[in-house]
Amino acid sequence: MSDTLETILEQAVSAVIAGDQALREALDELPAAIYVTDTDGVITYFNPACINFTGRRPEVGADRWCVTWRLYTNAGDFLPHEECPMAEAINTRRPIRGVTAVAERPDGTRVTFRPYPTPIFDRDGKFAGAVNVLEDVTDEVRANDFQTQARRSRRLANAVADDFAADSLNRMAEEYEAKAAELLRHKRLVPGVDTAGMPEGDDQEPIRDSTRHGRGQR
């Protein structure tokens, strides 16, 4: 996890524990999608970035476990909200890291993301709910796919005896590598999360993109 994401999580946890309205207002300004649930997984807060991320307006007091419309594993299986990483974090009282999933918006577009569900405990050590930050890694995943294709093309180029075929495969590899580099360059150029204005507070494994549609979850 980056230092920025870690800072965001710390500030969000502090906001919930302290009931700090100023800190929550600062979270509202962040470009990262952040939401909070109670001990039963019911959404109690979400910042505006969640609307852009999910393509919908989450319903405080009604939505449970996740702010997304539909979820899928990376292997293409429909993922019920009650089985999502946030639900696991709440049910086990432990943070979940190193997983990714695919969120589908109501308009059918999808985004691959890495969640950071984190249980919250009050000053007395009592479980008080959970906070989640959703990191968009769509470009990162696409870049990895292009890099895999490039490596495969180069292996084939080294294996074939025909020079024309080898040249063609190497050109394909170069095109894949250029596409991957462009995606990663774009990711670096996307403005990062700036936490400077926030008040002071006290190996990736896919869950398992699919064309299979399930019902929207509320």
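Being a predicted model, the structure only gives us computed values, none of them experimental. Starting from 1, each residue takes its place in the sequence as its number.
Applying the side chain to side chain donor-acceptor pair (under 3.5 Å) criterion to Asn132, with sequence neighbours excluded, gives Tyr35.
Residue Asp77 holds its CG atom at 12.5 Å from CG of Leu71, rounded to the nearest 0.5 Å. Between atom CE of residue Met86 and atom CH2 of residue Trp65 there is a gap of 9.5 Å, rounded to the nearest 0.5 Å. Put simply, CD on Glu59 and CZ on Arg56 are 6.5 Å apart, with the number rounded to the nearest 0.5 Å. Taking CZ of Arg114 as the start and CG of Asp136 as the end, the distance is 10.5 Å to the nearest 0.5 Å. Between the CD atom in Glu135 and the OH atom in Tyr116 there is a gap of 4.0 Å [rounded to 0.5 Å]. Atoms OG1 and CG, from Thr118 and Leu9 in turn, are 4.5 Å apart once rounded to the nearest 0.5 Å.
No side-chain heavy atom of Lys126 sits under 4.5 Å from any side-chain heavy atom of Phe121. Side-chain contact between Arg123 and Ile17 is present, with at least one heavy-atom pair separated by less than 4.5 Å. Contact check for Phe127 versus Ile90: side-chain heavy atoms found under the 4.5 Å cut-off. A heavy-atom distance below 4.5 Å is not found between the side chains of Pro115 and Val133. Considering only heavy atoms from C-beta on, Ile43 stays 4.5 Å or farther from Val36 through its side chain. With a 4.5 Å cut-off on side-chain heavy atoms, Ile51 and Pro58 count as touching.
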Handout entry: Intermediate values then yes/no, side chain to side chain contact (heavy atoms under 4.5 Å, CB included), Val131 and Ile34
Key = CA-CA 7 Å; Val131 61; Ile34 305 167; 3.9 Å; yes
Exercise for the section: Starting from the C-alpha separation in whole Å, work towards a yes-or-no answer on side chain to side chain contact (heavy atoms under 4.5 Å, CB included) for Leu30 and Ile8. Expected result: CA-CA 9 Å; Leu30 294 176; Ile8 291 172; 4.1 Å; yes
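The heavy-atom pair separating Pro119 from Pro95 by the smallest distance is CD-N, 3.4 Å. Residues Ala87 and Glu83 come closest through the heavy atom pair CB-N, 4.4 Å.
Using modelled atom types, no side-chain atom of Thr39 and backbone atom of Ala128 make a donor-acceptor pair closer than 3.5 Å. Judged by distance alone, the side chain of Asp40 and the main-chain N or O of Val42 form no donor-acceptor pair under 3.5 Å. One N or O on the side chain of Arg97 and one on the backbone of Pro117 form a donor-acceptor pair closer than 3.5 Å. A donor-acceptor contact shorter than 3.5 Å links the side chain of Arg105 to the backbone of Phe53. Looking only at distances, a side-chain donor or acceptor of Asn47 sits under 3.5 Å from a matching main-chain atom of Ala32. The backbone N or O of Phe164 sits less than 3.5 Å from a side-chain atom of Asp162, completing a donor-acceptor pair.
Using a 3.5 Å distance cut-off with no hydrogens or angles, the side chains of Asn74 and Thr112 do not pair a donor with an acceptor. A donor atom on one side chain and an acceptor atom on the other are found under 3.5 Å apart for Asp28 and Tyr45.
The side-chain tip of Arg70 does not point at the ring of Phe78 from less than 6.0 angstrom away and within 45° of straight on.
Arg64 has no carboxylate O lying under 4.0 Å from a charged side-chain N of Glu82, or vice versa, which leaves the two without a salt bridge. Using a 4.0 Å cut-off between a side-chain N of Lys or Arg and a carboxylate O of Asp or Glu, Asp63 and Arg57 do not qualify as a salt bridge.
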